[in-house]
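Below: the structure, in structure tokens.
Order of the sequence lines sets the chain letters (A, B, ...), proteins ahead of strands, with each chain counted from 1.
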2 protein chains.
Amino acid sequence: MITINAIAEQAGVSRTTVSRVLNRSGYVSEEARKRVLAVIEETGYVPNEYAKSLRTKKTKVVGVVLPKISTETASRLVDGIDKILADEGYQILLTNTNLEPEKEIEYLKLLKSRNVDGVILSATNINDELLKEIENLNIPFVAVGQEIPDVSTVVFDDFYAAKEMAELLINRGHQKIAFIGVDPADRSVGHSRKDGYLAALKEHDLPIVDDWQQTGIFDVESGYKAMKTILEKATERPTAVLAVTDRLAVGAMQYLKESGYRIPENIAVAGMGASEMSKYVSPSLTTMDFNYERAGEEAARQILNKINRPGEEKEKKIVLNYRIIKRNSI
Amino acid sequence: MITINAIAEQAGVSRTTVSRVLNRSGYVSEEARKRVLAVIEETGYVPNEYAKSLRTKKTKVVGVVLPKISTETASRLVDGIDKILADEGYQILLTNTNLEPEKEIEYLKLLKSRNVDGVILSATNINDELLKEIENLNIPFVAVGQEIPDVSTVVFDDFYAAKEMAELLINRGHQKIAFIGVDPADRSVGHSRKDGYLAALKEHDLPIVDDWQQTGIFDVESGYKAMKTILEKATERPTAVLAVTDRLAVGAMQYLKESGYRIPENIAVAGMGASEMSKYVSPSLTTMDFNYERAGEEAARQILNKINRPGEEKEKKIVLNYRIIKRNSI
DNA sequence: CTGAAAGCGCTTACAG
DNA sequence: CTGAAAGCGCTTACAG
């Protein structure tokens, strides 16, 4: 590996001078600069960022911890983060918990040991141990997707999004609305969205039936099963179903179609998340668009603010808009 | 930030000793070890990886350059890479070229300056400048998706995959088969797949009609347009169409359905890539499954081999299998 | 079993 | 305008 010393020697200057032309800091004579630049060009020298950050205490790296990489939400989020960060010369160090909660803590520590300038966490379940770790982290931090007290967060208004979706169904004349959710340990998707659904029903004095409410995980298969369970268990058949993710909704549609129900004539289906798929299933799925790229961008901006103005920035909560997409499934 | 010196002081030993317990190397008395471990536990100390790698010349980071993050292919690939790397304590430094070819070179340099232990490039277009940069890189390197001479690669057999898909169509009785491709500058998806399609037609003495061959980019919209163009320009209507990606195929299906064609009765449609969506569109899409996770895993294994046995490993090419998925669109 | 010292490749006051 | 020197937080022969 070629170092700053080699460049200095070849250019006939001290490494201090090389450093100065590299960083465009301090005075360097035009002559010296040219010689240095020529040698750099010739040798293809690139400064060792590790040595640099050992001195400067800056790494120009932001750690991102994701619950799962291969998911549309995650990749759109990372896209947004990268868009903002790349412009400022920052790189992303990616870690993937694969939905194992212990790993969130492990990776937070690891990112710290790698001296990242900041951490963006796409949170799912929040537990006390994690909160403690975040508190002790002591580097710029922002969470996406879940609210965390005293911490900067970028969130979606899950409650109102779900409520509005339920209300859309109600406006279309539905009185018997089923629900496919996920584990309420996930406060945003599991808990708040269900609350939104329930709130809408209550406000409109509609029946809230336990058998119409099922829980799945984040895949198509479990949406299929949940829909099956609802139809098998319910004494009275619902006329619409609201699923908290598009995958769940698509699974529900699969079951309904296989069982000979017509969508939306017999049962209307609504999802949430605006996955690419939602547009191309038949019938096309009514869903809720959360702007994940935007969430990534906002999170990245916040991190940048915190990095550049340490202490100045106070923790703030950004709530992002959602947008309903009406299609043929309702 | 708390350092090894602070730990040494508090534990009443030298930092050499602390280093030894940290790395489980050399002799340390049980007593000293315990004291050190206690202080580490108490303080929550994590060693600075940057300082470490400045000494050891190892960073435990592998750089990954992607043409686009928010795509199913990319995220499945990264998933596979991460699966293997995480077990060995390696992290991924992610860079995203957003399909801008100049950025591939820029990021290769950047990753080098960050002293990554290896680089995995998910290549699309290969140009001379890039090849030169790869040659000069001088760190473990593997390319995925495109063949590069004298460089380790993990590729799919795009030619035979496309050929086999065309043959499936032919076996189903189709004689007039249209094609939606992408820019041949993309050797694998653009060039080889088209060659495979053409080879199948030739072998079976089927008509090769220019107007039946259109080119799109990597999205649904351009598949729609390509299908439209084919149908408008062709004097004779094809009975099947092979698209080189699922998105293109889905776009084609959209156009066909809107225009009142029945799939597969009037026109059969086949895609490639086995996107999640392909399973849930109507009719479900016949496609080709390339195991991207597996490609990521293989690439990661190769990188690891090169890192651990420098000089020993020779450049090798891994060709991954594909698997045809027959569904209702043909 | 333990520690002093050198050194990894940089940057940055400081003195000239 | 320029350079010698110190120091960032580690590891690793080397000597004891």
Side-chain angles (χ1 to χ4, degrees), chain A residues 1-37 39-40 43-61 89 109-117 138-139, chain B residues 1-37 39-40 43-61 89 109-117 138-139:
Chain A
M1 148 162 270
I2 159 157
T3 74
I4 196 172
N5 285 306
I7 303 296
E9 200 172 321
Q10 284 187 53
V13 296
S14 72
R15 58 182 202 260
T16 306
T17 301
V18 177
S19 176
R20 279 202 267 264
V21 351
L22 248 20
N23 298 298
R24 295 172 190 72
S25 67
Y27 295 100
V28 183
S29 66
E30 204 33 46
E31 207 183 348
R33 169 190 309 282
K34 270 187 191 153
R35 282 211 308 281
V36 170
L37 255 17
V39 177
I40 288 176
T43 54
Y45 165 71
V46 281
N48 180 329
E49 288 290 330
Y50 278 59
K52 191 170 178 173
S53 46
L54 187 57
R55 268 299 318 229
T56 61
K57 304 288 179 194
K58 291 276 168 208
T59 58
K60 289 271 184 178
V61 172
K109 283 185 182 159
L110 183 131
L111 290 171
K112 192 175 182 178
S113 79
R114 288 196 178 278
N115 283 51
V116 294
D117 291 343
N138 228 355
I139 47 180
Chain B
M1 149 163 271
I2 159 158
T3 74
I4 196 171
N5 286 308
I7 303 296
E9 200 173 321
Q10 283 187 53
V13 296
S14 73
R15 58 181 201 261
T16 306
T17 300
V18 176
S19 177
R20 279 202 266 264
V21 350
L22 247 21
N23 298 297
R24 293 173 192 73
S25 68
Y27 295 99
V28 182
S29 67
E30 204 33 47
E31 207 183 348
R33 169 190 309 284
K34 269 186 191 154
R35 281 211 308 279
V36 170
L37 254 18
V39 177
I40 288 176
T43 53
Y45 165 71
V46 280
N48 179 330
E49 288 291 330
Y50 278 58
K52 191 170 177 172
S53 46
L54 187 57
R55 268 300 318 231
T56 62
K57 304 288 180 193
K58 291 277 169 207
T59 58
K60 288 272 183 176
V61 172
K109 282 186 182 159
L110 183 131
L111 289 172
K112 192 175 182 179
S113 80
R114 288 195 179 278
N115 283 54
V116 293
D117 291 343
N138 228 355
I139 47 180

(request) Determine the contact category for B:T16: base if any of its heavy atoms lies under 4.0 Å from a base atom, sugar-phosphate if only primed atoms, P, OP1 or OP2 are that close, otherwise nothing. (result)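 Base contact.
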
(message) Any base atoms under 4.0 Å from A:N5, or only sugar-phosphate, or nothing? Heavy atoms, all strands.
(response)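 Touches nothing.
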
(request) Rounded to whole angstrom, note down the C1' distance from D:dT12 over to D:dG16. (result)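 About 16 Å, rounded to a whole number of Å.
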
Grab the [atom1]-[atom2] distance between [X] and [N] for me, whole Å please.
X: A:I4; N: C:dG7; atom1: CD1; atom2: C1'; value: 16 Å
X: A:K58; N: C:dT12; atom1: NZ; atom2: P; value: 12 Å
X: B:L54; N: D:dG9; atom1: CG; atom2: C1'; value: 9 Å
X: B:K52; N: D:dG9; atom1: NZ; atom2: C1'; value: 12 Å
X: A:I2; N: C:dC8; atom1: CD1; atom2: C1'; value: 16 Å
X: B:Y50; N: D:dC8; atom1: OH; atom2: C1'; value: 14 Å
X: B:R114; N: C:dC10; atom1: CZ; atom2: P; value: 14 Å
X: A:N48; N: D:dC10; atom1: CG; atom2: P; value: 16 Å

Would you indicate, yes or no, if [N] has its OP1 or OP2 atom less than 4.0 angstrom from a side-chain nitrogen or oxygen of [X]?
X: A:T56; N: C:dC10; answer: no
X: B:K57; N: C:dG9; answer: yes
X: B:T3; N: D:dG9; answer: no
X: B:T17; N: C:dG3; answer: yes
X: A:Y27; N: C:dG16; answer: no
X: B:S19; N: D:dT11; answer: yes
X: A:N23; N: C:dT11; answer: yes

(message) Using modelled atom types and a 3.5 Å cut-off, is there a donor and acceptor pairing between side-chain atoms of B:T59 and backbone atoms of B:S53?
(response) no

(request) Would you mind telling me which residue lines up with the more 5' stretch of DNA chain D, B:R20 or B:P47, judged by nearest nucleotide? (result) B:P47

(message) Return the pairing partner of C:dA15 with a 3.5 Å limit on both distances, Watson-Crick or G-U wobble; otherwise return none.
(response)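 Partner of C:dA15: D:dT2.
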
(message) Under 3.5 Å, is there any donor-acceptor pair linking the side chain of A:R55 to the base of D:dG7?
(response) yes

(message) Which nucleotide wins on minimum distance to the side chain of B:Y45, given the candidates C:dG3, D:dC10, D:dT2?
(response)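 Nucleotide nearest to B:Y45's side chain: D:dC10.
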
(request) For side-chain contact (heavy atoms from CB on, under 4.5 Å), just list the numbers for B:D117 and B:K58, CA-CA rounded to whole Å, side-chain angles, deciding distance to a tenth of an Å, and then say yes or no. (result) CA-CA 6 Å; B:D117 291 343; B:K58 291 277 169 207; 4.2 Å; yes

(message) I'd like to know whether A:R114 forms a side-chain contact (heavy atoms from CB on, under 4.5 Å) with B:V61, so could you lay out the CA-CA distance, the side-chain angles of the two residues, the decisive distance to 0.1 Å, and finally the verdict.
(response) CA-CA 10 Å; A:R114 288 196 178 278; B:V61 172; 3.4 Å; yes

(request) Quickly, which of B:V18, B:I40, B:N48 forms a side-chain contact (heavy atoms from CB on, under 4.5 Å) with B:I4? Name it, please. (result)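 Result for side-chain contact (heavy atoms from CB on, under 4.5 Å) with B:I4: B:V18.
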
(request) Please figure out whether B:V13 or A:R15 has its closest DNA chain C nucleotide nearer the 5' end. (result) B:V13

(request) May I ask you to decide whether A:K34 forms a salt bridge with A:E31, counting only side-chain N to carboxylate O separations under 4.0 Å? (result) no

(request) Would you indicate whether the side-chain heavy atoms of A:R35 and A:V13 approach each other to under 4.5 Å? (result) yes

